[in-house]
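Everything on this sheet refers to the single structure shown next.
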Amino acid sequence: MSYHGPVRPLAQSVRTARVDLSRSAFVRRWYFLSLGLAGAGLILLRFTALSTGTADSPILQSLSGIADNLIAAVLTSIIVGAAYIYLFPQNAAPAYEVVPSRDIARAIADMTDNAREWSVRSRGANYFTSVTLPALVASALDRGASIRMRVQCLDPDQPHLLAAYAESMSDIRSRVGTWSASRARLEVCASLLRAALHVKDAPRVRVEFGFSPSIWVMSLDLTDQAALVTGQNKGEDALLFRTESQFFKPHGDDFDISWKACRVVSPRLGQAIPADARKLTEQHLVILEEFYEALGVTRPSREELREIVRTLNREHDYA
């Protein structure tokens with residue numbers, strides 16, 4: 001993933017096609033509706049109020065002529081508009097948009113504003129639980145809305161998947177040291193705890209984790225607005241597929257199918273745990289052990305729990 005550097009408004013950084021209003025279903029609907037209503041009103045006026053007594057009134061004769069001309073103009077506009085739409089080829093919606101690496105963070109932040117559904121496929125879910133999830137929770141609380149989040153990540157109890165993850169990250173410089181299967185496992189465990197802490201005081205926010213039995217390379221953020229596909233290396237651009245893109249639905253279908261193969265858990269913490277990770281102490285480790293046991297995850301050792309707590313507020317590797 002590559003979420004670093006200064007960001008600009010997404011509209012200035014995403015390369016997208018010019019909007020053609022003539023191809024907008026909303027504009028077309030109101031165009032023909034307004035012409036139809038105007039034509040019906042003119043016809044009704046022409047053949048009622050202006051249909052009798054016009055021979056003795058020059059003013060009514062003039063109004064009848066004007067009404068006839070307006071009716072003809074309305075019919076001509078309807079015919080020309082329909083001909084333009086059906087005779088001229090329609091420009092296809094852009095299949096995708098390229099988001100420069102420096103603007104990926106802004107693209108994700110923009111999508112969190114009004115989101116009600118968010119599905120993410122991320123091997124360790126570090127960036128999502130550190131940055132995106134808190135933004136979604138804040139947005140939900142501000143709007144009084146509910147949000148459902150699905151996080152597809154690696155199964156922390158599958159050593160071969162964790163080893164493959166660590167190997168794929170071995171050539172990436174990290175601020176916290178070299179990658180290993182043990183570190184990959186702790187990253188997933190930290191994401192589970194971080195997510196539970198963020199949603200602890202947000203009852204209308206639902207987050208589920210799906211432990212995947214397989215590994216992947218490209219990360220996916222999927223909302224009701226767009227699908228954002230990102231790589232794992234800094235400096236790589238991302239691809240954005242909006243709902244009108246022909247590739248948006250396949251990304252959604254692919255996520256739903258792979259989700260069915262996951263072991264799904266819902267991380268939740270009781271009130272005995274402070275929501276601020278900086279306030280976690282040694283006395284809370286017993287509760288954290290029970291937290292992982294309830295999720296069906298192999299209980300981390302006490303030292304691993306201490307390391308997980310230490311990493312909760314650490315800056316992610318993608319800054």
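Bear in mind the structure is a predicted one, so any value in this text is a computation, not a measurement.
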Sorted by chain and residue number, the side-chain contact (heavy atoms from CB on, under 4.5 Å) partners of Val309 (sequence neighbours excluded) come out as Leu280, Leu288
Minimal non-hydrogen separation, Leu295 against Phe211, with atom names: O-CE1, 4.4 Å
Approximate separation, where rounding is to 0.5 Å, of Asp237 CG and Ser101 OG: 5.5 Å
Looking only at heavy atoms, what is the nearest atom pair of Ala166 and Ala181, with distance? CB-N, 3.7 Å
Run the side-chain contact (heavy atoms from CB on, under 4.5 Å) test on Val229 and Tyr96 for me, step by step, so that the C-alpha distance in whole Å, both residues' side-chain angles and the decisive distance to 0.1 Å come before the verdict. CA-CA 10 Å; Val229 180; Tyr96 64 89; over 6 Å; no
Between Ala115 and Leu136, what is the shortest heavy-atom contact and its length? CB-CD2, 3.9 Å
Please step through side-chain contact (heavy atoms from CB on, under 4.5 Å) for the pair Ser258 and Gln152, ending with a clear verdict. CA-CA 9 Å; Ser258 60; Gln152 191 173 156; 3.2 Å; yes
Donor-acceptor pair, side chain of Arg185 and main chain of Pro156, under 3.5 angstrom: yes
When you measure from the centre of the six-membered ring of Trp259, is the NZ or CZ of Arg150 closer than 6.0 Å and no more than 45° off the axis? yes
Any idea which heavy atoms bring Phe209 and Ala195 closest together, and the distance? CE1-CB, 3.6 Å
Side chains of Asp113 and Ser139, donor plus acceptor under 3.5 Å: no
Correct closest heavy-atom pair for Thr223 and Phe248 would be O-CZ, 3.4 Å
So, Ser168 versus Arg123: side-chain donor-acceptor pair below 3.5 Å or not? yes
Drop me the distance from Glu187's CD to Asn126's CG, to the nearest 0.5 angstrom. 4.5 Å
Set out, in order, the CA-CA distance, both residues' side-chain angles and the distance that settles side-chain contact (heavy atoms from CB on, under 4.5 Å) for Leu239 and Glu97, then state yes or no. CA-CA 6 Å; Leu239 296 179; Glu97 300 166 16; over 6 Å; no
